[in-house]
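Each ligand, and each atom within it, is numbered from 1 in the order the structure gives. Counting begins at 1 with the first residue of the sequence. Atoms considered below: every heavy atom in the structure, side chains included; atoms not considered: hydrogens, waters and symmetry mates. The structure displayed is predicted, hence computed values, not measured ones.
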Amino acid sequence: MKFQVDQDYHIHSRLSPCSNDPEQIPENILAYAEKAGMKDIVLTDHFWDADVPTPLRIWGGFEVIEQSLPLPQGEHVRFHFGCECDMDRFSTVGLDRKNADKLDFIIVPINHLHFKERTIAADDFESADARRNAFVQRFWNLLQMNYPFHKMGLAHLTDGLVAGAMKDATFETHLEILDGISDEMFRKLFGRMAELGMGLELNVNTDRYEGENRERMLRPYRLARQCGCKFYTGSDAHHPSGFESGLRHMRQITEWLDLDEEDKFRPFG
Ligand SMILES: [Zn+2]
Ligand SMILES: [Zn+2]
């Protein structure tokens, strides 16, 4: 059966500084999910554990994200408590095991490379090659860690943030960075990811990719599927207006990849 978009595992509330929208509250998020026919959704506010030292102390600790608890539950929708947990330039992930146990789901982006000195060294900031190396290294390092991967997802793998805030970057820069990673390297990474049982997020602004660029963006996902990785969809909505477009993009990319229900990541059974 064709992949049904009935999950949204990447949603921010007003508690994320990049949302800060008084309308973006759990009740409104749940109402959207009920209307959209979702089964499981996850709140993933930005988070950095207060006990983990880092140059990336820009996100709130557990005391900030837990303000959303208890999450309202829907008639048809299960609303899970998660976070978007970052990685700093030393490949440290801002998550202590004791807090990992309190979270239903954890997404980690390796490509938040728009934070100079926080996620990538200043000397490497303007170099696409250095950013590509950092992307691969961070990806690999994450997969060596001792985390509960069965309830974790890799956020927005092909996002433009891999080239974020570079002076001379164009729309194509992030694709050039991804193009330079061989099929063989991606297979090594995705093979390990499949072994660990970590999910791969589909969270792409599909309006921005046509023709050859679309294929360049889709290549890693096609390779991941060949390696046995499982996929989940995420809108990355920061405002109520983001839900509708998010739903459209989630449906579009699962169609482009021709995914089936067997390809779905199911951390909640
Ligand atoms: Zn992100
Ligand atoms: Zn996000």
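At a cut-off of 2.8 Å, His156 coordinates the Zn ion (ligand 1) through an N, O or S atom. The nearest N, O or S atom of His10 is closer to the Zn ion (ligand 2) than 2.8 Å.
A salt bridge is absent between Arg225 and Glu262: the closest approach of a Lys/Arg side-chain nitrogen to an acidic carboxylate oxygen does not fall below 4.0 angstrom.
Around the Zn ion (ligand 2), the two atoms NE2 of His12 and OD1 of Asp236 are separated by an angle of 90°, to 10 degrees.
Side-chain atoms of Trp48 and Thr92, non-hydrogen and from C-beta on, do get closer than 4.5 Å to each other.
Cation-pi geometry between Arg131 and Phe125 is satisfied (NZ or CZ under 6.0 Å from the ring centre, within 45° of the ring normal).
Note on ring orientation: taking the six-membered ring where Trp is involved, the planes of Phe62 and Phe47 are perpendicular (angle over 60°, cut-offs 30° and 60°).
Restricting Glu84 to its N, O or S atoms, the one at the least distance from the Zn ion (ligand 1) is OE2.
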